[in-house]
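Take a look at the structure below.
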Amino acid sequence: MNNRLKLVTVDRSNRFLVEEFCASAKSSLETFRYFDNRPIDIIDNHLVTYILMFSEKPVAYGHLDPEGNKVWLGVCVAEGHRGHGYGKRMMNALITYANTNHLTDIDLSVDKDNKIAIAMYNQMGFTHVQKNDKSYFMRLKLIEER
């Protein structure tokens with residue numbers, strides 16, 4: 001990672017970084033609606049939450065959120081910072097965390113019209129498992145269940 005990029009693990013002491021990200025992400029939040037109906041302190045329930053900083057500004061967000069027998073992945077790159085590989089860097093960090101912590105698979109949902117994200121998820125090895133009128137549900141198989 002270049003010296004202007006830094007991956008930060010978010011916890012209670014620096015959760016303000018998530019608020020900063022949400023305040024600056026602009027149109028990116030139209031397709032990443034995770035915080036629409038959730039308080040910021042939901043991150044206390046995450047397995048991991050990351051913010052990617054560029055020159056001390058939050059440019060990408062990512063989390064792994066356990067829910068029942070699934071772990072949901074969420075990623076968002078702030079408006080004006082797309083096309084620099086930040087989403088892929090975030091995905092790699094989350095997948096590395098999942099592998100290191102022996103997760104068997106990761107799930108995500110993505111709007112059907114978010115072609116760039118879908119292409120990235122396919123490239124990262126996610127496959128379609130379900131769909132509804134608005135979204136695809138995708139899964140990455142990490143290891144075989146024991």
Side-chain angles (χ1 to χ4, degrees), residues 1-68 70-131 134-143:
M1 220 179 276
N2 79 40
N3 60 0
R4 295 175 70 189
L5 276 177
K6 183 168 103 175
L7 186 69
V8 177
T9 303
V10 178
D11 59 26
R12 289 177 185 216
S13 69
N14 62 357
R15 76 173 65 175
F16 66 90
L17 292 173
V18 175
E19 293 168 334
E20 284 182 23
F21 174 80
C22 289
S24 66
K26 299 183 181 167
S27 68
S28 296
L29 297 181
E30 292 171 10
T31 57
F32 183 75
R33 296 174 293 277
Y34 183 77
F35 289 110
D36 283 359
N37 300 311
R38 295 175 181 93
I40 294 292
D41 64 0
I42 189 74
I43 68 169
D44 293 343
N45 298 330
H46 291 173
L47 298 175
V48 68
T49 305
Y50 292 132
I51 291 284
L52 185 63
M53 305 290 287
F54 178 74
S55 296
E56 303 302 318
K57 293 181 182 165
V59 296
Y61 165 92
H63 71 245
L64 293 175
D65 182 11
E67 180 182 59
K70 291 185 179 183
V71 175
W72 292 95
L73 179 143
V75 170
C76 184
V77 176
E79 178 184 312
H81 297 281
R82 296 181 191 134
H84 299 287
Y86 298 154
K88 194 170 190 175
R89 286 179 189 258
M90 184 61 73
M91 293 289 294
N92 283 327
L94 293 166
I95 291 168
T96 297
Y97 178 94
N99 279 319
T100 300
N101 289 277
H102 311 289
L103 299 180
T104 57
D105 45 51
I106 304 169
D107 290 271
L108 62 82
S109 66
V110 59
D111 291 353
K112 285 182 175 179
D113 61 355
N114 193 343
K115 304 292 186 207
I116 292 172
I118 292 167
M120 180 182 69
Y121 298 145
N122 284 326
Q123 182 183 27
M124 302 294 290
F126 283 79
T127 58
H128 295 258
V129 293
Q130 193 178 351
K131 66 181 178 178
K134 297 179 184 179
S135 303
Y136 291 122
F137 296 89
M138 302 178 77
R139 178 171 295 140
L140 176 63
K141 229 24 181 158
L142 297 169
I143 59 175

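The model shown is predicted, which means the values in this text are computed figures rather than measured ones.
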Would you tabulate the side-chain donor-acceptor contacts of residues 40-49 under 3.5 Å, counting partners in other chains and residues two or more places apart, or write 'none'?
residue: Asp44; atom: OD1; partner: Arg15; partner atom: NH2; Å: 2.9
residue: Asp44; atom: OD2; partner: Arg15; partner atom: NH2; Å: 3.2
residue: His46; atom: ND1; partner: Thr49; partner atom: OG1; Å: 2.7
residue: His46; atom: NE2; partner: Tyr34; partner atom: OH; Å: 2.7

Side-chain polar contacts of residues 113-121 - donor-acceptor pairs under 3.5 angstrom, sequence neighbours left out - could you list them?
residue: Asn114; atom: OD1; partner: Ala117; partner atom: N; Å: 3.3
residue: Lys115; atom: NZ; partner: Lys112; partner atom: O; Å: 3.2

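Rounded to the nearest 0.5 Å, atoms CD1 (Ile95) and OH (Tyr97) are 14.5 Å apart. The CG atom of Leu103 lies 6.5 Å from the CG atom of Leu64; values are rounded to the nearest 0.5 Å. Separation of atoms NE2 (His128) and CE (Met138) is listed at 4.0 Å; rounding is to 0.5 Å. With rounding to the nearest 0.5 Å, the separation of CG in Asp107 from CZ in Arg139 is 4.0 Å. Arg4 contributes atom CZ, which lies 3.5 Å from atom CZ of Phe54 (distance to the nearest 0.5 angstrom). Atom CG of Leu17 sits about 9.5 Å away from atom CD of Glu56, to the nearest 0.5 Å.
Judged as a side-chain hydrogen bond (donor to acceptor under 3.5 Å, both in side chains), the pairs with a partner in residues 16-31 (not counting sequence neighbours) are, in order, Ser27-Glu79, Ser28-Arg82.
Here the closest heavy-atom approach between residue Leu94 and residue Gly74 is recorded as CD1-O, 4.1 Å. Pairing each heavy atom of Ala93 with each of Leu7, the nearest pair is CB-CD2, 3.5 Å. The two residues Met91 and Phe126 have their closest heavy-atom pair at CE-CE1, 3.4 Å. Annotation for Phe21 and Cys76: closest pair CZ-O, 3.5 Å, computed over non-hydrogen atoms. Taking both residues in full, the closest heavy atoms of Ile106 and Ala98 are given as CD1-CB, 3.6 Å, listed atom of the first, atom of the second, then distance.
Residues Lys70 and Asp105 have side chains not in contact (no heavy-atom distance under 4.5 Å, counting atoms from C-beta outward). Looking at Lys88 and Met124, their side chains come closer than 4.5 Å, going by heavy atoms from C-beta outward. Side-chain contact between Asn99 and Asn101 is absent, with no heavy-atom pair separated by less than 4.5 Å.
With a 6.0 Å radius and a threshold of 12 heavy atoms from other residues, nucleotides or ligands, Asp36 has its CG atom above the threshold.
With sequence neighbours left out, Asp65 forms a salt bridge (charged side-chain N to carboxylate O under 4.0 Å, His left out) with no residue at all. Partners of Glu67 by side chain to side chain donor-acceptor pair (under 3.5 Å), not counting sequence neighbours, listed by chain and number: Trp72. For Ser13, the side chain to side chain donor-acceptor pair (under 3.5 Å) partners two or more places apart in sequence, or in a different chain, are Asp11. By the ring-ring contact (aromatic ring centres under 6.0 Å, His included) test, Phe35 pairs with Tyr61, sequence neighbours left out. By the side chain to side chain donor-acceptor pair (under 3.5 Å) test, Tyr50 pairs with no residue at all, sequence neighbours left out. Scanning for salt bridge (charged side-chain N to carboxylate O under 4.0 Å, His left out) contacts around Arg33 gives Asp111, with sequence neighbours left out.
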